[in-house]
Amino acid sequence: MRVGVTGASGFVGRAIVERLSRESSMQVCGIVRREGVTAPSRVELLRVDDLTAGTDWRTAVRGVDAVVHAAARVHVMRETVDDPLSEFRRVNVAGTLNLARQAAAAGVRRFVFLSSIKVNGEGTALDRAYSADDIPSPADPYGISKLEAEQGLRAFARESDLEVVIIRPVLVYGPGVKANFRTMMSWLLRGVPLPFGAIHNSRSLVGLDNLVDLVLRALTHPAAANQTFLVSDGEDLSTTDLLRRTADALGVRARLLPVPATLIEAAARLAGKGDLANRLCGSLQVDITTTCARLDWFPPIAVDDALVKTAAHFLAHGGA
């Protein structure tokens with residue numbers, strides 16, 4: 001089976017390429033947008049200039065049986081463009097549907113699309129997990145663009161032979177993780193006192209290895225065709241528990257102060273950081289029962305093992 005992976009130089013795409021390259025039954029074509037990218041010896045690398053409605057994918061999808069579409073304009077914390085939604089649509093909607101159409105024309109049979117839990121929304125009530133059947137409620141331009149891409153792919157699948165599989169990950173962590181998760185590890189390693197010792201929320205996360213394992217299953221399982229799947233580690237954590245268990249993985253003690261969540265949320269709102277407070281104090285849970293049952297799958301890596309692997313990579317690369 002020959003698989004093309006877009007975004008092959010990114011955090012998730014690179015891990016997918018590396019895992020597929022170890023499968024004897026797979027031939028892998030990594031598709032990137034920048035020069036100087038390296039890959040395992042069995043992987044062919046191809047470069048495209050951009051991800052838009054005008055991108056020519058014919059060379060990249062020729063002779064390919066399946067595509068994993070991991071490339072995207074990702075959620076931007078400090079947006080700089082005047083019209084973020086238009087920019088997200090240009091890449092995540094128009095670019096995705098252009099790729100799907102050219103893939104189908106080239107004879108590609110399955111298209112695995114990495115979407116986002118932001119299609120469902122920004123948070124749940126405690127112990128009221130999202131499911132793939134919930135009415136979507138995206139709240140930002142990134143989530144809206146992912147929903148519109150999903151809708152366009154489903155419509156195209158209904159009128160073509162292309163099998164579409166949609167995966168909505170929650171927050172992904174693993175070796176090489178950046179952004180807030182890396183900052184959190186840096187704080188813990190430096191022994192910074194953190195006011196998160198009394199947060200009683202519940203959040204679903206997914207280790208990189210678990211997400212990649214599900215992608216591999218979605219590429220080949222007959223029951224995956226034209227379905228949508230949520231994915232997590234299968235164990236939800238409070239912010240307090242996540243910090244303590246990550247500190248254990250780093251070999252340090254978490255210095256957590258028991259500040260009530262209501263005070264943290266009020267202070268964050270006054271500072272214009274309400275979204276950050278929601279991620280730290282609010283809940284976001286997903287139900288992966290259907291994913292596990294339909295695909296005969298269960299997350300193979302336990303949370304603590306995934307955290308140890310993440311921490312080891314962080315420490316080996318200097319920490320910060």
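Residue numbers start at 1 and run along the sequence shown.
- Ion pair R279/E122 not flagged as a salt bridge, since none of the NZ, NE, NH1 or NH2 atoms sits closer than 4.0 Å to an Asp/Glu carboxylate oxygen.
- One hydrophobic cluster, built from ILVMFWY side chains closer than 4.5 Å, cannot hold both F229 and V164; they sit in different ones.
- The ring-ring contact (aromatic ring centres under 6.0 Å, His included) search around H313 returns H317, not counting sequence neighbours.
- For S131, the side chain to side chain contact (heavy atoms under 4.5 Å, CB included) criterion is met by D133, D134, not counting sequence neighbours.
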Run the side-chain donor-acceptor check on residues 255-270: report pairs under 3.5 Å with partners two or more places apart or on a different chain.
| residue | atom | partner | partner atom | Å |
| --- | --- | --- | --- | --- |
| R255 | NH1 | G191 | O | 3.0 |

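- To the nearest 0.5 angstrom, D241 atom CG is 4.5 Å from R245 atom CZ.
- Using a cut-off of 4.0 Å between Lys/Arg side-chain N and Asp/Glu carboxylate O, D305 and K309 are scored as not salt-bridged.
- Under the 4.5 Å side-chain heavy-atom criterion for grouping Ile, Leu, Val, Met, Phe, Trp and Tyr, L250 is connected to W187 within one hydrophobic cluster.
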> So E163 and N226, side chain to side chain donor-acceptor pair (under 3.5 Å) or not? Walk me through it.
Replying inline: CA-CA 6 Å; E163 297 175 346; N226 301 316; 6.0 Å; no
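- Salt bridge annotation for E159-R154: absent, with no cationic side-chain nitrogen under 4.0 angstrom from a carboxylate oxygen.
- Atom OG of S232 and atom CG of L284 lie 10.5 Å apart (nearest 0.5 Å).
- Both V61 and L153 belong to a common hydrophobic cluster when Ile, Leu, Val, Met, Phe, Trp and Tyr are linked at side-chain heavy-atom distances under 4.5 angstrom.
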> Going through the distances and angles, do V231 and V170 end up as a side-chain contact (heavy atoms from CB on, under 4.5 Å)?
Replying inline: CA-CA 7 Å; V231 58; V170 290; 5.9 Å; no
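- Classification of the W57-H69 ring pair by plane angle, with boundaries at 30° and 60°, yields perpendicular.
- Atom-to-atom distance recorded for I288:CD1 and F298:CZ is 6.0 Å, nearest 0.5 angstrom.
- Rounded to the nearest 0.5 Å, atoms CG (L230) and CG (N120) are 5.5 Å apart.
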